[in-house]
Number of protein chains: 2
Amino acid sequence: MENNTERFEKLLVKNGLKRTAPRLQVLEILSSRDSATSQPYLEQVMGKDADRVTLYRVLQAFEEKGIIHKVLDQQGTANYAICSEGCSAHEHHDEHVHFNCDNCHKIYCLDSVKIPALKVPAGFKVEHLNLIATGLCANCSSKVN
Amino acid sequence: MENNTERFEKLLVKNGLKRTAPRLQVLEILSSRDSATSQPYLEQVMGKDADRVTLYRVLQAFEEKGIIHKVLDQQGTANYAICSEGCSAHEHHDEHVHFNCDNCHKIYCLDSVKIPALKVPAGFKVEHLNLIATGLCANCSSKVN
DNA sequence: ATGTTAATGCAATTATGTTGCAAATATAAC
DNA sequence: GTTATATTTGCAACATAATTGCATTAACAT
Ligand SMILES: [Mn+2]
Ligand SMILES: [Mn+2]
Ligand SMILES: [Zn+2]
Ligand SMILES: [Zn+2]
């Protein structure tokens with residue numbers, strides 16, 4: 001049974017990225033959480049382990065390689081989650097619904113909920129769909145209730 | 001037949017807002033455009049007619065009163081459009097699809113395209129849905145093609 | 001005309017994200 | 001193990017978006 005670090009190192013090598021401390025740390029943090037992780041949170045947790053700019057560049061590289069995907073919450077804040085399916089540098093397959101809790105502000109990837117196809121007016125060519133639901137997550141609705 | 005300015009003044013009064021130059025100007029600009037208008041564009045057009053802070057406060061007040069609604073584009077930039085239906089300070093009814101063109105970057109309110117209901121995992125309580133489609137708008141797809 | 005409240009303008013501050021460049025380091029070649 | 005190289009990082013500077021506090025101004029009710 002291989003540990004996380006080994007898995008992540010393989011992931012980096014597979015994508016032609018060098019195995020550096022900041023990159024491994026970002027992967028550790030993102031994979032340890034049950035919801036998407038905001039850039040500000042990542043920045044705070046990484047502290048002085050990595051420069052802000054490095055964090056931005058790590059996230060950008062990961063997104064390009066299809067390792068993570070970005071979700072903007074209702075305030076426009078960038079949140080990141082590890083891609084579950086076969087995403088690659090060529091194409092992402094993250095067209096699932098995202099749920100943004102009004103109470104705890106977490107963003108959940110609802111991998112099981114696919115975005116329904118749309119009928120748009122003539123002339124419009126839809127390339128991607130991005131659906132964010134807001135409300136109360138399972139955790140918060142049971143507490144508040 | 002009443003003109004725009006009269007209409008807008010009534011709208012402000014109805015919402016308990018004073019009829020000021022910056023507010024009327026924002027309404028004029030937003031209503032004159034066929035797509036949502038970004039904050040940076042508004043700021044540029046208003047120029048020195050109003051302070052940046054005033055613009056932010058005008059937009060915030062309008063949003064709270066249900067006069068306009070905010071749409072974040074794929075870069076997280078705030079865009080604003082006048083609410084077409086019966087929105088109020090109590091509730092917005094803008095659950096239509098938004099279309100963000102990859103080419104001209106305009107955001108269209110597709111008022112006729114409603115967001116389909118969703119089946120989410122147990123426990124989640126959906127309050128609002130926010131669907132942004134990206135691709136080519138009618139204008140751009142006819143040109144590029 | 002006057003008083004009150006709402007709205008604006010200005011200055012300062014915070015947060016987010018980007019760019020250029022020099023220094024460091026991961027890794028491949030020897 | 002040493003060396004060469006291309007990648008990655010850190011730092012400084014900059015750009016833009018957004019917020020806050022406070023004094024001043026202006027809308028409008030009386
Ligand atoms: Mn996701
Ligand atoms: Mn709209
Ligand atoms: Zn929650
Ligand atoms: Zn277009």
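All heavy atoms count here, side chains included; hydrogens, waters and symmetry mates do not. As the structure is a prediction and not an experimental result, all values here were calculated from the model. Here is the naming used below: chain letters follow the sequence lines, and residue numbers restart at 1 for every chain.
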Nearest whole angstrom, please: distance from the P of C/dT16 to the CD of A/Gln60.
18 Å
Can you measure B/Asn79 atom CG to D/dA17 atom C1' for me and round it to whole angstrom units?
13 Å
Hey, does the side-chain of B/Lys18 have a donor or acceptor N/O within less than 3.5 Å of a partner on the base of C/dT5?
yes
How many Å lie between CD on A/Glu63 and P on C/dG17, as a whole number?
11 Å
Base, sugar-phosphate, or nothing: which does B/Arg23 touch, judged by heavy atoms less than 4.0 Å apart?
sugar-phosphate
Parallel, tilted or perpendicular, as decided by the 30° and 60° cut-offs, for the rings of A/His69 and A/His96:
perpendicular
Given C/dT18, D/dT9, C/dT8, which nucleotide is nearest the side-chain atoms of A/Val58?
D/dT9
Indicate, with a heavy-atom threshold strictly under 4.0 Å, whether A/Gln39 touches base, sugar-phosphate, or nothing.
sugar-phosphate
Between A/Asp51 (CG) and C/dA24 (P), how many Å, whole number?
15 Å
What's the verdict on side-chain contact (heavy atoms from CB on, under 4.5 Å) for B/Phe8 and B/Arg19, showing C-alpha distance, side-chain angles and the deciding distance?
CA-CA 9 Å; B/Phe8 296 149; B/Arg19 303 172 279 182; over 6 Å; no
B/Lys65 has an atom NZ; how far is it from atom C1' of C/dA6, in whole Å?
12 Å
Which whole-number value in Å describes the distance from B/Glu64 CD to C/dA6 C1'?
14 Å
In whole Å, what is the span from the CG atom of A/Asn15 to the C1' atom of D/dT7?
15 Å
Taking N and O atoms by type only, does the side chain of B/Arg57 place a donor or acceptor under 3.5 Å from a partner on the base of C/dG9?
yes
Is a side-chain N or O of B/Thr134 found less than 3.5 angstrom from the main chain of B/Asp102, in a donor-acceptor match?
no
Ignoring hydrogens and angles, are the base of C/dG17 and the side chain of A/Arg52 linked by a donor-acceptor pair under 3.5 Å?
yes
Ignoring hydrogens and geometry, is there a side-chain-to-backbone donor-acceptor pair from A/Asn100 to A/Gln74 under 3.5 Å?
yes
Reading DNA chain D from 5' onward, which residue's closest nucleotide shows up sooner: B/Leu17 or B/Pro40?
B/Pro40
I want to confirm an ordering. Mapping B/Gly16 and B/Val53 to their closest nucleotides on DNA chain C, which one lands closer to the 5' end?
B/Gly16
Under 4.0 Å between a side-chain N or O of A/Thr20 and OP1 or OP2 of D/dT8?
no
On DNA chain D, nearest-nucleotide positions of A/Leu55 versus B/Ala21: which is more 5'?
A/Leu55
Gap between atoms CD and P, on B/Gln25 and C/dA7 respectively (whole Å)
17 Å
Is there a donor-acceptor pair under 3.5 Å between the side chain of B/Arg23 and the backbone N or O of B/Lys18?
yes
So what does A/Ala61 hit on the nucleic acid, given a heavy-atom distance under 4.0 Å: a base, only sugar-phosphate, or nothing?
nothing
